[in-house]
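All values below were derived from every heavy atom in this structure, side-chain atoms included, with hydrogens, water molecules and symmetry-related copies excluded.
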Amino acid sequence: MNLLENATPAQREAITHHDGALMILAGAGSGKTLVITSRIARLIHDGVPPRNILAITFTNKAAAEMKERMETLLGRTSAWISTFHSMCARILRAHADRLGFTRDFIIYDTDDTRSCIKSLIKKTGLDSASFNPRVFAGIISRAKRDAITPDDFAACAYGPVEKAAAELYPQYEQALHSNNCMDFDDLLLMCRRLLRENSDILQKYADRFRYISVDEFQDTNPIQYMLARLLACKHKNICVVGDPDQTIYTWRGATLQNIFDFEKDFPGAKVIRLEQNFRSTKNILRAASELIKHNVMRKEKTLITDNPEGDEITVMESGDEQDEADNVARFIRDCVDGGCAHHDIAVLFRVNAQSRALEESMLHHNIPYTIVGTVAFYRRKEIKDILAYLRLAVNRDDAVSFTRAVNTPPRGMGRVTLGRISDIASREGVTVMDVLAGKSKESPLSKRQKQSANAFCGIIEKIRAMHDKPVTDIVMEAVRLSGYQRRLEDGRDDRADDRIANMDELINAAAEYGRQNEEATLQDFLEQVALVSDTDRWDEKADRVTLMTLHSAKGLEFPVVIICGLEEGLLPHMLSMESPDQIEEERRLCFVGMTRAMKRLALTYARRRAVSGRYHDRMPSRFLNEIPADAVDIRKTAAGEPDKTDGELDDDPGGFSGDLGFKGGDYVQHEHFGPGRIMSLQKRGRLTHARIFFEEAGERTVVLQYANLKREEGW
DNA sequence: GCCGTATAATTTTTT
DNA sequence: ATTATACGGC
């Protein structure tokens with residue numbers, strides 16, 4: 001095979017690794033995707049049946065790409081290539097009965113979860129003014145991804161908010177169960193439970209998956225790692241690939257602990273480092289490397305490249321965000337005039353709100369563009385409204401979809417009546433649809449309401465009866481039956497045209513999905529909709545400039561990258577400025593953005609920016625000062641401002657205060673944990689808590705006064 | 001009791 | 001700009 005032809009020795013070693021655990025620490029741009037794909041292709045080439053292979057990717061898009069590559073190499077494949085969430089959904093559907101669900105369960109997204117919790121708050125009689133569903137959703141989600149049960153949570157709950165959360169958590173679980181629904185965390189958690197409690201099922205999958213690989217391992221959470229370990233328990237052929245410097249999802253529960261644990265959980269695991277970068281110019285790589293060196297909580301790693309030196313990095317100062325967007329447009333123009341295609345260019349930013357000014361500027365300058373993932377398509381109101389009908393047809397128990405669909409458009413059953421319906425349903429132990437259909441003992445409905453209730457039940461039944469028809473037909477029928485379109489057409493919604501276009505787009509998406517998956521059911525389509533992100537819908541072949549968040553850019557590369565909004569408060573983000581850990585994650589995010597660039601990189605900031613309508617003066621990001629000055633070319637466009645670029649901002653990594661002679665960034669030696677480096681110090685009364693990154697033991701918090709730390713020279 | 005309109009409030013990143 | 005709540009008309 002020619003897979004090895006151009007490979008470096010390290011890559012070659014990874015590709016040819018057969019049995020036993022393997023961890024690949026792959027620096028940015030080191031060709032890791034190629035390596036894992038090649039390794040799997042080689043396994044298959046050497047006689048491993050594809051059905052014995054499981055490859056976990058971070059996004060559905062990455063899964064689709066890998067599948068495509070495999071199919072060009074080997075033809076149609078029966079290997080499982082998917083995200084953790086999709087894999088879990090698939091396993092759970094096959095065995096839902098063991099957990100008391102049916103295979104038709106619906107997957108709740110964050111909004112659904114919030115509505116569900118909101119109605120529980122109301123039902124429980126908690127003061128809904130002071131308790132925000134979002135906060136509880138966050139607390140419960142955090143508990144779930146650390147595998148903390150409602151009982152455990154209640155035992156440790158402290159303070160009014162946690163106490164309330166402890167009350168809501170089991171109710172939420174109960175509601176999900178009786179709605180026959182699972183949220184994103186459940187997919188992982190329930191799957192783990194299924195495998196742990198049913199040894200026959202675990203056996204089946206552990207037998208089947210002889211070779212397992214997990215991509216973007218640095219961004220997996222504890223449950224995901226537990227799942228991977230469970231599935232690998234028989235053959236122990238698990239290959240994880242990751243780069244600690246690219247951890248950008250700790251807010252979603254990702255933890256580097258997984259990387260530290262791996263070698264302990266799989267003794268004798270081979271560790272391979274890929275440190276040669278094939279993507280970026282020397283200049284870009286050097287700048288990114290210097291930046292990431294400012295992270296304290298990090299193992300030193302040096303990326304090298306044979307690529308040419310390349311152009312200097314352009315740093316642009318602008319007056320405000322419009323000015324910035326214009327400068328970006330001009331920069332793009334220059335690139336295009338220099339022979340660059342639009343699809344070679346990406347504009348990256350920290351928050352979705354930044355896309356608006358950029359979009360206007362693209363329109364104004366006539367530059368073709370696509371925005372990835374602003375208001376995710378499937379989360380738009382009109383789309384969710386139609387989906388609610390479809391979901392209800394698949395699963396009558398889904399109370400959240402019921403609440404959404406039943407009065408969209410209005411059917412004469414308002415807040416009060418719906419509250420009564422919900423009360424009766426829980427009192428009699430039936431579903432809300434049953435109450436509506438008059439199957440309960442009590443009914444709160446007036447004669448007139450009964451009529452429209454019947455009409456509504458009829459609509460749902462009609463959609464349900466179409467279950468063996470093509471998905472497109474079902475979606476079209478749902479749009480028609482709901483009366484939604486008609487209402488938009490007469491109504492005075494000034495964005496009616498947009499909404500109608502979006503519903504057409506939904507029908508197109510269903511058609512496209514139906515074409516690619518001929519056997520697909522409505523339920524499959526709904527699952528796809530729940531798990532597929534906007535990035536997955538991104539069409540990279542079109543000749544357009546791509547606008548997206550730094551998070552969405554993970555795993556991608558572009559010849560030209562422009563990162564906007566390098567300002568204190570935006571990158572690093574204001575909400576991440578409280579703790580050094582979070583600042584480091586912001587720095588990694590910036591690092592990820594910079595290392596997407598192959599040839600040209602531009603970084604921009606504005607002196608003023610509107611934040612929710614009000615203009616604020618801004619300071620250039622500290623990250624700009626962490627990039628070597630000789631790697632950049634600074635351009636200022638708007639005149640009349642005093643010079644303030646470098647120099648003025650001092651380079652203080654967090655401004656830690658010293659204590660017992662220790663300060664942030666110091667290298668230390670601990671009796672048990674060995675060598676480490678202090679990330680942060682926090683005074684707690686008389687004592688000082690030190691957050692320390694240990695080379696062997698990972699992140700720990702120790703009390704400085706008791707820890708008996710010794711000074712070290714550095715690693 | 002329902003529904004539409006006005007007013008207030010609010011945005012990090014996403015499977 | 002979109003979305004949650006409040007209020008008044010029906």
Side-chain angles (χ1 to χ4, degrees), chain A residues 56-63 82-89 107-111 113-115 118 128-129 132-134 138 141 145 182-188 216 219-221 223-224 247-254 348-356 372-376 378-382 384 407-420 444-446 448-449 452 491-495 498 527-536 548-554 565 569-577 582 585-586 588-590 592-593 610-614:
Chain A
I56 305 280
T57 57
F58 192 71
T59 62
N60 290 288
K61 185 175 171 56
S82 73
T83 62
F84 269 110
H85 288 86
S86 301
M87 173 192 77
C88 290
I107 299 167
Y108 275 176
D109 67 20
T110 338
D111 294 330
T113 296
R114 266 159 59 185
S115 332
K118 192 174 166 191
S128 55
N132 181 334
R134 188 182 218 183
S141 172
R145 45 190 203 218
M182 298 198 198
D183 64 20
F184 287 136
D185 300 308
D186 280 342
L187 291 176
L188 307 170
E216 308 284 5
D219 274 326
T220 52
N221 69 24
I223 298 275
Q224 289 171 329
T247 307
I248 54 173
Y249 282 92
T250 57
W251 52 274
R252 218 171 69 186
L348 309 180
F349 38 82
R350 175 68 237 265
V351 301
N352 283 311
Q354 287 174 261
S355 68
R356 238 188 72 210
V372 177
T374 38
V375 179
Y378 290 118
R379 288 176 62 181
R380 297 199 169 125
K381 183 180 175 339
E382 59 276 19
K384 288 219 71 166
N407 263 330
T408 330
R411 287 194 175 79
M413 286 169 288
R415 207 180 62 241
V416 180
T417 308
L418 286 183
R420 287 179 185 160
L445 303 177
S446 68
R448 202 187 169 81
Q449 285 176 323
S452 72
R492 306 251 130 36
D493 186 337
D494 48 353
R495 287 196 19 238
D498 273 355
E527 175 170 317
Q528 158 96 356
V529 163
L531 295 180
V532 156
S533 71
D534 234 33
T535 322
D536 301 325
M548 64 171 122
T549 63
L550 288 160
H551 281 89
S552 310
K554 180 189 171 98
L570 197 52
L571 184 64
H573 195 276
M574 200 158 43
L575 297 178
S576 295
M577 292 187 30
Q582 289 181 316
E585 179 137 324
E586 298 285 315
R588 289 193 293 270
L589 195 52
C590 187
V592 166
V611 180
S612 52
R614 278 255 166 284

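Checked against dG4(B), dA4(C), dT14(B), the side chain of K118(A) finds its nearest nucleotide in dA4(C). Of the candidate nucleotides dT15(B), dG4(B), dA1(C), dG4(B) has the atom lying nearest to any side-chain atom of P410(A). With distances taken from any side-chain atom of V416(A) to the nucleotides dT13(B), dC2(B), dA1(C), the minimum falls on dC2(B). Across dT12(B), dG4(B), dT15(B), the shortest atom-to-atom separation from the side chain of V351(A) is found for dT12(B). The listed nucleotides are dT3(C), dT11(B), dT14(B); the one nearest the side chain of R134(A) is dT11(B). Nearest nucleotide to the side chain of T83(A), out of dT15(B), dT14(B), dC2(B): dT15(B). If you check dA1(C), dT12(B), dT15(B) against the side chain of S576(A), the one that comes closest is dT12(B). Of the candidate nucleotides dT12(B), dT15(B), dT13(B), dT12(B) has the atom nearest to the side chain of L575(A).
Between the CZ atom of R415(A) and the P atom of dA6(C) there is a distance of 9 Å, rounded to whole Å. Rounded to a whole Å, the CG atom of L570(A) is 12 Å from the C1' atom of dT11(B).
A donor-acceptor contact under 3.5 Å is not formed by the side chain of H573(A) with the base of dT12(B).
Residues satisfying the side-chain hydrogen bond (donor to acceptor under 3.5 Å, both in side chains) criterion with T417(A), sequence neighbours excluded, are Q449(A). When the side-chain contact (heavy atoms from CB on, under 4.5 Å) test is applied to S141(A), the partners found at least two apart in sequence or on another chain are R145(A), D185(A).
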Practice prompt. Run the numbers on Q224(A) and I56(A) for side-chain contact (heavy atoms from CB on, under 4.5 Å), then give the verdict.
Written response: CA-CA 10 Å; Q224(A) 289 171 329; I56(A) 305 280; over 6 Å; no
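A residue-by-residue look at G414(A) and E585(A) shows that G414(A) has its nearest nucleotide of DNA chain B further toward the 5' end.
N352(A) has a side-chain polar atom (N or O) that falls below the 4.0 Å cut-off from OP1 or OP2 of dT14(B). For dT15(B), neither phosphate oxygen OP1 nor OP2 lies less than 4.0 angstrom from any side-chain nitrogen or oxygen of S86(A).
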